[in-house]
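Heavy-atom basis, side chains included; hydrogens, waters and symmetry copies ignored. Every value quoted in this text rests on a predicted model; they were computed, and no experiment measured them. All ligand and atom numbering here is 1-based and tracks the order in the structure.
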Amino acid sequence: HRNRKLIAHIIQFENRRQILVTHDITESERIDMMRRDFIANASHELRTPLTVINGFLEISSMQPDLDVKTRTAHLKLMTEQGHRMQSLVDDMLTLTRLESVDFPVRPEHINMTALMEQLVADMNGLSMGKHPLTFINEGPDLMGSMDELRSAFSNLVSNAVRYTPAGGNITISWTNTEAGPKFMVKDSGIGIGSEHLFRLTERFYRVDKSRSRETQGTGLGLAIVKHVALRHKAQLTIDSTPDVGSTFALQFPIEAAIL
Ligand code: ADP
């Protein structure tokens, strides 16, 4: 095939017999490229907070007599950047674990009512009263990984909070479809142009870099959601209209529900 890349080796035996061995490197090259991209992006993301922290540390050592107010302000900025690095590294480790075949899902019985209560409490804290959070139906108990599902749900809801201007609405709901239980997060936020939709779950892909950073985004949230969905045989769908809002849904298979 024209677009395929092959590596060929010739193995020669003493009896003059020769064998030609070919490997298709198209796939391995693609994986290699993705890995290089990931390392480049991750390094770049970590470099910004590191530069800020190092800058203030240098000021601190060169100007030991700085007044308390300035020093406190510098410490605050350094702490913020430290937290930023922490979230990035945490998300990168989570993704690595989710992608590893050595860590299959260990299914457990998930009490969805408790999980949803906790989620809503966390999200009300994040939103700080800026968005009315409506919650419809508790959802069925599921078999799955509690940590992974908690992380997927909270990524989707925190995105809704972060990309919806104050006063907008966010609705979390569970419905029973023929295919199985469906979790939905609907927001009346900034929405996403269709040209971005198919790339959203790529690591570090953002529609608006500055908005993502301002709201403490790592750019890895939807990549995490995608992997959690894959591991639970759930399907992630995104439906969005710019300036109107977005709906993110996770459709679980019927077998996942505990009846
Ligand atoms: P981030 O940490 O940047 O939010 P994500 O992987 O969670 O990273 O999301 C990727 C991008 O998708 C975001 O940067 C944002 O542009 C877009 N996005 C995600 N959720 C929403 C939403 N509910 N409304 C509008 N845009 C969203």
When you look at CD of Gln251, are more than 12 heavy atoms from neighbouring residues, nucleotides or ligands closer to it than 6.0 Å? yes

Within a distance under 4.0 Å of any heavy atom of Tyr205, pick out the atoms of ligand 1 and give their elements. 10 (C), 11 (C)

So if I apply the side-chain contact (heavy atoms from CB on, under 4.5 Å) rule between Val185 and each of Ile170, Asn159, Val161, which one comes out positive? Ile170

Atoms of ligand 1 less than 4.0 Å from Thr218 heavy atoms? 2 (O)

Protein residue, atom and distance nearest to atom 17 (C) of ligand 1, heavy-atom basis: Leu200 CD2, 4.0 Å

Side chain proximity check, Met123 to Phe153, heavy atoms < 4.5 angstrom: no

Numbering as shown, the atoms of ligand 1 that approach Ser246 to under 4.0 Å (heavy-atom distance): 24 (N)

Check each of Phe204, Phe248, Tyr163 against atom 4 (O) of ligand 1 and report the one with the nearest heavy atom. Tyr163

Are Arg150 and Ile110 side-chain neighbours, meaning at least one heavy-atom pair lies under 4.5 Å? no

Does atom CD of Gln216 have more than 12 heavy-atom neighbours, drawn from other residues, nucleotides or ligands, at distances under 6.0 Å? no

Could you find the nearest protein heavy atom to atom 23 (N) of ligand 1 and give me its residue, atom name and distance? Asp187 OD2, 2.9 Å

Among all the protein's non-hydrogen atoms, which is closest to atom 16 (O) of ligand 1, and how far away is it? Val207 N, 3.1 Å

Compare all side-chain heavy atoms of Gln118 with those of Leu115 and state whether any distance is below 4.5 angstrom. yes

N/O donor-acceptor pair under 3.5 Å between Ser61 side chain and Glu58 backbone: yes

Please report the interatomic distance NZ(Lys226) to CG(Leu200), rounded to the nearest 0.5 Å. 11.0 Å

Counting from 1, what ligand 1 atoms have a heavy atom of Gly221 closer than 4.0 Å? 5 (P), 6 (O), 7 (O)

Atoms in ligand 1 flagged as close to Gly219, the criterion being non-hydrogen separation under 4.0 Å: 1 (P), 2 (O), 3 (O), 6 (O), 8 (O)

Atoms in ligand 1 with a heavy atom of Gly217 nearer than 4.0 Å: 2 (O)

Numbered atoms of ligand 1 (with element) below 4.0 Å of Ser212, judged on heavy atoms: 1 (P), 2 (O), 3 (O), 14 (O)

Can you report which non-hydrogen protein atom sits closest to atom 6 (O) of ligand 1, along with the distance? Leu222 N, 2.8 Å

Report, in ascending order of atom number, the atoms of ligand 1 lying under 4.0 Å from any heavy atom of Arg162. 1 (P), 2 (O), 4 (O)

min-distance protein heavy atom vs atom 26 (N) of ligand 1 -> Ile192 CG1, 3.4 Å

Who's the nearest protein heavy-atom neighbour of atom 7 (O) of ligand 1, and how far? Asn159 ND2, 2.9 Å

When rounded to the nearest 0.5 angstrom, what is the spacing between CG in Leu95 and CZ in Arg203? 5.5 Å

In Å and rounded to the nearest 0.5 Å, what is the CZ to CZ distance from Arg97 to Arg231? 8.5 Å

